[in-house]
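Everything below concerns the one structure shown next.
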Amino acid sequence: MRHLFILGTLLTVVLSCTSDPKLRDYSLGSVEITSILEDSTLSIRALELGSEYLYYGSSDHLGKIALDKEVKLSLKPLKLTSNVNRYKNVITYEDKPLHFRAIEAVRGDLLAISIGSPARLYLIPRKSNQPELVYEEAHESVFYDAMAFWNDKEGLAIGDPTDGCISIIITRDGGRSWDKMNCGDLPPALEGEAAFAASDTNISIVGDKTWVATGGKVSRVLFSGDRGRTWEVTEVPITQGEATTGLYSLDFYDEDLGYGIGGDYTRPNENTDNKIITRDGGKTWEKVASGKLPGYRSCVQFIPNSEGTELVAVGFKGIDYSMDSGRSWTHLSDEGFYTIRFVNDTVAYAGGKGRLSKLTFRK
């Protein structure tokens with residue numbers, strides 16, 4: 001959403017259930033934060049974990065960092081080194097760096113779409129740092145917010161409305177070509193409805209099923225059960241009515257259990273009616289933890305292998321953890337981040353303003 005780009009802010013999402021949860025043999029009690037990158041120019045709202053690299057999108061470049069140290073042998077002079085390699089790719093348009101908030105790693109290739117007009121979607125091959133422009137769209141309202149893939153060939157990116165419906169572009173060939181869906185095949189957008197480019201997490205995919213969170217003056221969830229060919233929309237009981245309110249992040253643990261968090265980033269401590277849960281695949285949603293912490297957060301993720309009971313949410317106000325499917329939360333840290341991705345059930349990477357960090361969660 002354009003005003004987020006101007007003011008630079010975000011939010012979160014979570015998960016919750018009213019039945020007694022089956023917990024792992026421990027709950028998280030603290031988080032250790034290890035700096036990977038620190039740079040005042042960084043503003044990281046998109047992260048992707050590949051098999052070899054951690055990819056990120058920032059305010060003026062795309063980057064990737066090797067997950068493991070790379071050993072190199074130089075014969076002239078004879079020298080053996082072991083370092084973590086970082087690659088930085090600045091892509092410009094009309095001599096200005098493009099800003100990327102939606103990215104996806106597919107078979108080692110990186111796909112990234114810029115915000116603003118014209119939206120420019122690039123594919124950077126695994127063995128090259130030369131970006132290939134694969135899609136371009138010019139419109140005064142164009143602003144793409146998130147990207148996700150169903151498999152190695154099929155994926156989508158979503159953005160603010162341009163002609164009366166939420167923008168959805170789809171690829172069926174691994175990102176080498178993209179087609180925009182006609183508004184006649186999508187639910188009409190309501191006045192003031194858009195999406196938030198807060199953390200690249202307002203799309204959630206499980207199998208062939210897809211959920212998309214919208215926000216703003218109207219906040220709803222779009223659903224497709226057939227990899228983006230047909231869509232329907234569901235109203236949700238989340239706070240809305242202002243351009244800065246609504247759902248910011250969405251996550252599904254399986255085909256039934258999903259959680260969303262929203263609110264108003266200009267009033268980040270407010271926590272009434274800002275969290276919702278579904279147990280039937282998004283057919284119905286209900287409020288949960290209303291009036292309880294946390295308030296505004298920009299990203300939420302289920303912890304892997306937690307049976308859907310454990311969640312971590314991050315935002316510029318800190319890091320929070322739930323061990324009961326989002327019914328209650330523990331504040332772990334005041335350190336601010338915009339987005340987070342888990343490697344396993346104890347290790348994650350998080351990006352934010354001026355930083356990229358490794359998070360290790362402890363009992």
Side-chain angles (χ1 to χ4, degrees), residues 1 4 10-15 45-49 55 57 100-106 110-113 115 119 121 135 143-161 165-172 175 178-181 186-187 189 193-216 219-234 236 238 246-255 257-262 276 278 281-282 285 297-302 313 338-342:
M1 184 176 277
L4 276 188
L10 305 148
L11 126 12
T12 36
V13 174
V14 226
L15 182 359
R45 301 177 186 268
L47 287 176
E48 281 297 320
L49 278 166
Y55 302 87
F100 296 93
R101 295 193 183 187
I103 66 174
E104 184 76 8
V106 181
L110 179 63
L111 289 151
I113 189 167
I115 57 176
L121 200 163
Y135 179 80
F143 199 100
Y144 279 90
D145 305 284
M147 186 187 301
F149 269 61
W150 294 285
N151 51 54
D152 284 351
K153 293 292 185 181
E154 299 173 292
L156 79 163
I158 66 100
D160 292 356
C165 66
I166 292 294
S167 297
I168 298 180
I169 58 173
I170 292 179
T171 180
R172 306 287 182 189
W178 296 76
D179 294 304
K180 187 167 184 177
M181 293 196 69
L186 291 168
E193 183 179 21
F196 293 112
S199 60
D200 199 14
T201 57
N202 46 10
I203 303 173
S204 186
I205 288 177
V206 178
D208 294 339
K209 296 183 177 181
T210 313
W211 298 265
V212 170
T214 71
S219 185
R220 303 185 294 174
V221 172
L222 278 66
F223 171 74
S224 172
D226 54 10
R227 301 195 303 278
R229 291 177 172 83
T230 61
W231 293 85
E232 57 191 62
V233 66
T234 302
V236 293
I238 198 89
L247 279 172
Y248 280 74
S249 182
L250 184 71
D251 198 25
F252 272 73
Y253 187 77
D254 54 31
E255 291 187 351
L257 184 58
Y259 199 96
I261 196 169
I276 56 174
T278 180
W285 296 81
R297 293 288 182 271
S298 53
C299 182
V300 71
Q301 296 282 281
F302 284 103
Y338 294 149
T339 191
I340 185 172
R341 298 293 185 277
F342 275 88

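Note that this is a predicted model, so its numbers are computed, not measured. Note: hydrogens, waters and symmetry copies are ignored here, and every other heavy atom, side chains too, is used.
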TODO: Walk me through it: do W150 and T210 pass the test side chain to side chain donor-acceptor pair (under 3.5 Å)?
DONE: CA-CA 9 Å; W150 294 285; T210 313; 2.6 Å; yes

- [ ] Show your working on side chain to side chain donor-acceptor pair (under 3.5 Å) between S167 and K180 and close with a plain yes or no.
- [x] CA-CA 7 Å; S167 297; K180 187 167 184 177; 3.3 Å; yes

Task: Stepwise side-chain contact (heavy atoms from CB on, under 4.5 Å) check, I340 with F342 - done: CA-CA 7 Å; I340 185 172; F342 275 88; 4.2 Å; yes

- [ ] Run the numbers on L121 and W178 for side-chain contact (heavy atoms from CB on, under 4.5 Å), then give the verdict.
- [x] CA-CA 9 Å; L121 200 163; W178 296 76; 3.6 Å; yes

Check whether any side-chain heavy atom of [X] sits under 4.5 Å from a side-chain heavy atom of [Y], and report yes or no.
X: D200; Y: I103; value: yes
X: W285; Y: V221; value: yes
X: D145; Y: I203; value: no
X: M181; Y: I170; value: yes
X: T171; Y: Y135; value: no
X: I158; Y: N202; value: yes

- [ ] Could you check V212 against W231 for side-chain contact (heavy atoms from CB on, under 4.5 Å), going step by step and ending with a plain yes or no?
- [x] CA-CA 10 Å; V212 170; W231 293 85; 4.0 Å; yes

Task: Counterpart residues, salt bridge (charged side-chain N to carboxylate O under 4.0 Å, His left out), relative to D179 (two or more places apart) - done: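 Salt bridge (charged side-chain N to carboxylate O under 4.0 Å, His left out) list for D179, sorted by chain: empty.
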
- [ ] State which residues pass side chain to side chain contact (heavy atoms under 4.5 Å, CB included) with N151; sequence neighbours excluded, sorted by chain then number.
- [x] K153, E154, R227

Task: T201 (side chain) donor-acceptor with L250 (main chain) under 3.5 angstrom - done: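 No, T201 side chain to L250 backbone: no donor-acceptor pair under 3.5 Å.
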
Task: Main-chain N/O of L47 paired with R341 side-chain donor or acceptor, under 3.5 Å - done: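 A pair under 3.5 Å: yes.
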
Open item on the list: Measuring centre to centre across the rings, with the benzene-like ring taken for any Trp, is F252 within less than 6.0 Å of W211?
Closed with: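 Yes.
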
